Engineer: 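Just dropping this structure here.
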Amino acid sequence: YWYTIPNSERQALHKIMKDQKSSMCLDHSLLFINPTVLDKHGIRYSRILQSVREIVVLAAGALSQSFTAEAGWYESVEFALPSWITNG
């Protein structure tokens, strides 16, 4: 299961975290935010159910959180097209 939050919602989510006096960093995947909190604050998100042999590709700048219902292997790979890179 994946929950993805678009980059356009990043500032709103950071504000919620600041208002809650949280010291957790959203960019280091150390926190799972209950989707009901996102609903309560009007934060847009997508829920994706990833099946066996499927690949999930996230948009640049998107925040994501995921969990599995069973034991399994996973791997994350970050990539960028040359047109996305403005500075070396």
Side-chain angles (χ1 to χ4, degrees):
Y1 298 89
W2 289 81
Y3 288 89
T4 63
I5 301 167
N7 189 39
S8 60
E9 296 289 332
R10 182 182 288 265
Q11 288 302 99
L13 191 54
H14 277 282
K15 182 180 181 327
I16 292 167
M17 297 300 293
K18 183 178 176 183
D19 292 346
Q20 297 292 321
K21 309 260 190 283
S22 174
S23 62
M24 297 297 285
C25 178
L26 294 173
D27 297 315
H28 293 142
S29 303
L30 298 175
L31 176 67
F32 186 86
I33 300 171
N34 190 319
T36 59
V37 172
L38 302 175
D39 291 334
K40 177 182 173 183
H41 294 282
I43 303 291
R44 292 183 305 117
Y45 65 91
S46 297
R47 179 177 178 263
I48 302 166
L49 176 58
Q50 183 179 7
S51 297
V52 175
R53 292 184 294 279
E54 287 185 337
I55 296 172
V56 174
V57 178
L58 304 175
L63 295 169
S64 67
Q65 52 189 26
S66 63
F67 65 92
T68 181
E70 301 174 8
W73 293 86
Y74 68 91
E75 182 175 349
S76 296
V77 178
E78 296 182 11
F79 69 95
L81 296 175
S83 62
W84 297 351
I85 302 172
T86 56
N87 296 318

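Here the structure is a predicted model, which means the values were calculated and not measured. Only heavy atoms go into these numbers, but all of them, side chains included; no hydrogens, no water, no symmetry mates.
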Engineer: Where is the tightest heavy-atom contact between Gln65 and Ile33, given as atom of each residue plus distance?
Structural biologist: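 The pair with the smallest heavy-atom distance is NE2-O, 2.7 Å.
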Engineer: Does Ser8 have any side-chain hydrogen bond (donor to acceptor under 3.5 Å, both in side chains) partners at least two apart in sequence or in another chain, and if so, which?
Structural biologist: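 Applying side-chain hydrogen bond (donor to acceptor under 3.5 Å, both in side chains) to Ser8 gives Arg44.
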Engineer: Count I, L, V, M, F, W, Y as connected when their side-chain heavy atoms are under 4.5 Å apart, and connections chain through other members. Are Leu63 and Val56 then in the same cluster?
Structural biologist: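 Hydrophobic grouping puts Leu63 apart from Val56.
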Engineer: Considering non-hydrogen atoms only, spot the tightest contact between Leu13 and Ile43 and give its length.
Structural biologist: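 The answer is N-CD1, 4.0 Å.
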Engineer: Rounded to the nearest 0.5 Å, what separates atom CD1 in Ile48 from atom OG1 in Thr4?
Structural biologist: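 Result: 4.5 Å between the selected atoms.
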Engineer: Under 3.5 Å, is there a donor-acceptor pair between the side chain of Glu9 and the main chain of Tyr45?
Structural biologist: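 Side chain of Glu9 to backbone of Tyr45: no pair is present.
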Engineer: For Gln11, check side-chain contact (heavy atoms from CB on, under 4.5 Å) against everything at least two apart and list the hits.
Structural biologist: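 For Gln11 the side-chain contact (heavy atoms from CB on, under 4.5 Å) partners, ignoring immediate neighbours, are His14.
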Engineer: Taking the side chain as everything from C-beta on, heavy atoms only, tell me whether Leu49 gets closer than 4.5 Å to Tyr1.
Structural biologist: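 Answer yes - side chains close enough.
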Engineer: Going by the side-chain hydrogen bond (donor to acceptor under 3.5 Å, both in side chains) test, which pairs reach into residues 47-56, not counting sequence neighbours?
Structural biologist: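 Pairs touching residues 47-56 that pass the test: Trp2-Gln50, Tyr3-Arg47.
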Engineer: Measure the spacing between CG of Asp39 and CG of Asn34 and express it to the nearest 0.5 Å.
Structural biologist: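 Those atoms lie 8.5 Å apart.
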